[in-house]
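Everything on this sheet refers to the single structure shown next.
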Amino acid sequence: LPLPGVPHRLAVLPPYVLVASGTAGLHVVDLTRPDLPQLRTTVPIAGQAVDIAMIESMAYIAAMEGGIQEVDCRTPLQPVPGVQYRHHDGAGDQITRLLADQQHLYAIDSQRGLQLLTRPGPGQIRLQGSFVAPEGALRALTMRWPYLFVTTVLHSLYVLDVTTPAQRRLLSTTPHG
């Protein structure tokens, strides 16, 4: 299935797959018949949709200079854009990666490092804390509660305890080299 834009990341919301597709936005692809996927709709996203994280039926899109865009997918064929999170300092965003658990979002901002955000409910995203790695820009992240693992472009690994995101603790560092 040819898709407009540059597909970056996927999230599954059966029987659909959501595709973060660069400047084209967020695509909803119907996989009712996996042998015949169909593009059903596209949601425009401010910025470039490069990553996606899900909390239940809410999609959160890492949109580079567009910050984080919430999209309500409770009705997948009629997704509704919600709140857009932009950093409060107004200096611009560069959100490149995004991860979610039930109440929190973890975003890599190439200008500000790791942003730890809380999501008290749909339409609400608040900055709780941040982490800047001294050894290079952040590249990737994954989680196994309550530990957040973050790598840098210089091949360092950081392990953070995010039991309380506003008081995250650095547990260990594996330096590059």
Side-chain angles (χ1 to χ4, degrees), residues 7-22 25-29 31 42-76 78-88 93-133 137-152 157-171:
H8 289 274
R9 302 280 184 194
L10 310 169
V12 176
L13 187 62
Y16 305 98
V17 66
L18 308 177
V19 183
S21 199
L26 177 68
H27 300 308
V28 178
V29 177
L31 294 176
T42 299
V43 178
I45 299 292
Q48 300 177 58
V50 295
D51 203 358
I52 184 170
M54 300 292 295
I55 299 178
E56 297 171 0
S57 59
M58 301 299 285
Y60 294 87
I61 312 303
M64 294 288 290
E65 64 279 1
I68 299 170
Q69 175 72 55
E70 179 185 75
V71 179
D72 183 340
C73 296
R74 285 179 284 194
T75 307
Q78 297 174 340
V80 178
V83 67
Q84 181 182 25
Y85 172 81
R86 303 297 298 265
H87 197 276
H88 61 82
D93 297 282
Q94 287 295 314
I95 307 294
T96 59
R97 291 286 176 262
L98 199 55
L99 183 69
D101 64 24
Q102 289 302 311
Q103 300 263 330
H104 302 94
L105 295 167
Y106 307 93
I108 292 179
D109 183 321
S110 63
Q111 296 178 9
R112 293 184 190 85
L114 179 66
Q115 304 292 294
L116 301 119
L117 305 131
T118 187
R119 180 200 164 261
Q124 302 171 0
I125 301 173
R126 295 189 184 103
L127 182 65
Q128 291 291 298
S130 61
F131 171 75
V132 176
L138 300 179
R139 180 179 195 121
L141 69 165
T142 193
M143 171 176 260
R144 179 160 183 154
W145 182 256
Y147 306 112
L148 187 65
F149 305 90
V150 184
T151 61
T152 70
L157 171 67
Y158 293 88
V159 181
L160 299 142
D161 180 336
V162 293
T163 302
T164 306
Q167 300 170 345
R168 59 99 186 119
R169 291 184 311 128
L170 178 63
L171 297 178

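For the side chain to side chain contact (heavy atoms under 4.5 Å, CB included) with Met54, the lone residue among Val12, Leu18, Val71 that qualifies is Leu18.
Atom CG of residue Leu105 and atom OH of residue Tyr60 lie 6.0 Å apart, to the nearest 0.5 angstrom. Remark: Leu141 CG to Leu99 CG distance equals 5.0 Å, nearest 0.5 Å. Atom CZ of Arg74 sits about 6.0 Å away from atom CE of Met58, to the nearest 0.5 Å. Thr164 OG1 to Gln128 CD: the interatomic distance, rounded to the nearest 0.5 Å, is 10.0 Å. If you take CG on Leu98 and CG on Asp51, they are separated by 6.0 Å, rounding to the nearest 0.5 Å. Interatomic distance, Ser130 OG to Asp109 CG, rounded to the nearest 0.5 Å: 10.0 Å.
Residues Thr163 and Pro146 come closest through the heavy atom pair OG1-CB, 3.3 Å. Considering every non-hydrogen atom in both Arg112 and Asp93, the closest pair reads NH1-OD1, 3.5 Å. Nearest heavy atoms, Arg126 versus Pro120: NH1-CG, 2.8 Å. Nearest heavy-atom pair, Ile61 versus Ala49, reported as atom, atom and distance to 0.1 Å: CG2-CB, 3.6 Å. Residues Ala100 and Ile55 share a closest heavy-atom pair of CB-CG1, 3.6 Å. Smallest separation of non-hydrogen atoms from Ala140 and Ile108: N-CD1, 3.7 Å.
At a threshold of 4.5 Å between non-hydrogen side-chain atoms, the residues Pro79 and Val28 count as touching. Looking at heavy atoms from C-beta onward, Ile68 lies out of side-chain contact with Gln84 at the 4.5 angstrom threshold. Put simply, the side chain of Pro81 reaches to within 4.5 Å of the side chain of Val43, judged on heavy atoms. Leu116 is not listed as a side-chain neighbour of Leu160, based on a closest heavy-atom distance of 4.5 Å or more.
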* From CA spacing to verdict: side-chain contact (heavy atoms from CB on, under 4.5 Å), Gln103, Arg119 -> CA-CA 5 Å; Gln103 300 263 330; Arg119 180 200 164 261; 5.8 Å; no

* To do: Determine, stepwise, if the pair Gln115 / Leu127 fulfils side-chain contact (heavy atoms from CB on, under 4.5 Å).
  => CA-CA 7 Å; Gln115 304 292 294; Leu127 182 65; 3.3 Å; yes

* Under the side-chain contact (heavy atoms from CB on, under 4.5 Å) criterion, do Val162 and His104 qualify, and how do the steps go? -> CA-CA 10 Å; Val162 293; His104 302 94; over 6 Å; no

* To do: Evaluate the side-chain contact (heavy atoms from CB on, under 4.5 Å) criterion for residues Arg144 and Phe149: first the C-alpha distance (whole Å), next the side-chain angles of each, then the deciding distance (0.1 Å), finally the verdict.
  => CA-CA 8 Å; Arg144 179 160 183 154; Phe149 305 90; 4.3 Å; yes

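In this structure, Arg86 places its CZ atom where more than 12 heavy-atom neighbours from other residues, nucleotides or ligands lie under 6.0 Å away. Around the CD atom of Gln111, the shell of radius 6.0 Å holds more than 12 heavy atoms that belong to other residues, nucleotides or ligands. The number of heavy-atom neighbours closer than 6.0 Å to CD of Glu65, taken from other residues, nucleotides and ligands shown, is above 12.
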